[in-house]
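Letters A, B, ... mirror the listed sequences (proteins, then strands); counts begin at 1.
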Amino acid sequence: MTTPGLTQVLLAGILVVIAIAVARYWRLPVIKDMAFGSVRGFVQLVAVGYAVRFIFDIESPWLIMLALGIMMTVGAHAASGRVKSVKGSFGTCLAAILTGSLITLATMLVFKIISFDARYIIPLAGMIIGNSMNASALVIDRLASDLRANRLAIETALALGKSWREASQKFHRDAARTGMVAMLNFLKTVGIVALPGAMTGMILAGADPVEAVLLQVIVAYMLLSATTITSVVAVELTIRRFFTRHHQLRIDR
Amino acid sequence: MAVTGSILELCNLTRRVGDGTPARAIVDNFSYSFGFGRLYSIIGPSGAGKSSLLRLLNRLDECTDGSVKFKGSDTREFAPCELRQRLGYLFQTPHLFDRTVRDNIVDAQPHLSESKISRLIQQVQLPSGIVDAPVDNLSVGERQRVALARLLATQPEVALLDEPTAALDPANTEAIERLISSVVTDHGVTVVMVSHSRQQVVRLGGEAILMVDGQLIEHGDAVGLVKNPGTPQGRRYMNGEPQ
Ligand SMILES: Nc1ncnc2c1ncn2[C@@H]1O[C@H](COP(=O)(O)OP(=O)(O)OP(=O)(O)O)[C@@H](O)[C@H]1O
Ligand SMILES: [Mg+2]
């Protein structure tokens, strides 16, 4: 395969046409979404491609920071949109994603695993933020629904004189775990069932497979760290919205 | 700290809920004093606010107005966890944690000796073999009694019981009523109990309080209040008429 150009992309459009034809034959009510989504995806990706190229060319640390800030805000917005029933979830998601991403990136920089270079920071941050975004949405959703469904159990523990933390312990642990499950499953099957994206990309781009694998291991550890921190922060911030400082459950939040 | 004649003193206690204008008062300007080591029955129609009132006493909910004093001090001056240990609360629909009967009791009161556990089980009229049974196999009435045993294990100074015999048959009801009486007379615990049954209130004696629409309508000697209510609402309630 040659490095793809516009011709190849347009030819790949044949695949979209096949998919739409199949959907049409089966009368799947998704044809509009497929057509619109394909175009939209194309436009978004091309725009991002140019934006990233621009950032690479300028090589300004401020521009990198700005890009990270925008990515995290958009990620937090998308995550909180998935948990609308919990008030203030945007702030929670932003703080959780921010903490998980920054600690992880800072560690990688401090130990010189990567250098402060747009070429590394931007794509790695993209992976981190994407995973943290999913983790925070899953954690908040799980925690809120568990607390709402287990009101009597929690209040029974409170009535026996337990603190809010003891009374809801089981639920924060379960929720934090929910945010990490995707990562843990990924680590179990990685390389056996699926070849992860970063590695696939490097191999397609002509890199040595062993080199690609090493990078993938770093990526996996990085995502493990980011999703764990994000999950815990999301739990800690969300749980506080459900209790008053007098150890009372307030489920209407 | 001045200990007055009452263990719990409710002063204009009010809880408003919802954001309607005016917000609805589910407990409305409720003032009353509970004495040491006595038995009180709260009666009133469904939705009167009986459970809501109990939840204000151990501060599971916050009042919007007024105050509750426990042994002379505002309950807001106590650490909530300590307050709730001293004012035990039995929920109308008790919840047991998903393990054995013993685990539930020990969870509430660690370091409880085996003989104390057996004694509690016996007190609430459960067979001794039940201690190691997983709670999900228990009947509703058995669960209610395990929850009562768990509450007694913590040795509260006040026991707030929300319809403790609602799920029991007559024989068990009577046994639990005897237990409640003995908790009051032998252990000096103040019991504030919600009841739906006028006969039960008469059997237990003590004081009775009639609550309608969040308000205290009348109170007095249990037998007198049930047999000879002094207010129109009281007469309607005792005759089983709608309020
Ligand atoms: N948090 C809340 N928000 C809104 N309304 C509430 C809230 N808690 C209780 N209520 C309402 O307050 C009223 C009193 O409820 P409560 O459970 O105290 O009644 P009750 O006297 O215990 O009734 P029952 O005998 O059926 O148990 C009910 O109409 C209930 O719907
Ligand atoms: Mg009730």
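Atom CG of B:Asp103 sits in a crowded spot, with more than 12 heavy atoms from other residues, nucleotides or ligands closer than 6.0 Å. More than 12 heavy atoms of other residues, nucleotides or ligands shown are found within 6.0 angstrom of NE2 on B:His187. In the displayed structure, B:Arg102 atom CZ is contacted under 6.0 Å by more than 12 heavy atoms of other residues, nucleotides or ligands. The environment of CZ in A:Arg165 is crowded: more than 12 heavy-atom neighbours from other residues, nucleotides or ligands sit within 6.0 Å. Counting heavy-atom neighbours within 6.0 Å of B:Phe97 CZ, excluding the residue itself, gives a total above 12. By the neighbour-count criterion of 12 heavy atoms within 6.0 Å, atom CZ of A:Arg173 is sparsely surrounded, having that number or fewer from other residues, nucleotides or ligands.
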> Does the pair A:Thr156 and B:Tyr89 meet the rule for a side chain to side chain contact (heavy atoms under 4.5 Å, CB included), with working shown?
Replying inline: CA-CA 8 Å; A:Thr156 297; B:Tyr89 179 37; over 6 Å; no

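For a residue to count as touching a neighbouring chain, one of its non-hydrogen atoms must lie under 4.5 Å from one of that chain's; by this rule B:Asp107 touches chain A with backbone and side chain alike. Neither the backbone nor the side chain of B:Arg86 comes within contact range of chain A, judged by heavy atoms closer than 4.5 Å. Contacts between B:Glu62 and chain A at a heavy-atom distance below 4.5 Å involve backbone atoms as well as side-chain atoms.
Considering B:Gln85, B:Arg150, B:Arg84 as possible partners of A:Leu160, the one that fulfils the side chain to side chain contact (heavy atoms under 4.5 Å, CB included) test is B:Arg150.
The OG1 atom of A:Thr244 lies 7.5 Å from the CZ atom of B:Arg59; values are rounded to the nearest 0.5 Å.
Per-residue counts of heavy-atom pairs under 4.5 Å with chain A were compared for B:Leu87, B:Leu83, B:Thr93; the largest is that of B:Thr93. The most heavy-atom pairs under 4.5 Å with chain A, out of B:His95, B:Glu82, B:Arg55, come from B:His95.
Smallest separation of non-hydrogen atoms from A:Gly161 and B:Cys81: O-CB, 3.2 Å. In terms of heavy-atom proximity, B:Phe91 sits nearest to A:Ala159 at CE1-CB, 3.7 Å. Here the closest non-hydrogen pair linking A:Glu155 and B:Leu60 is O-CD2, 4.2 Å. Nearest approach of B:Pro80 to A:His247, heavy atoms of both residues: CG-CD2, 4.0 Å.
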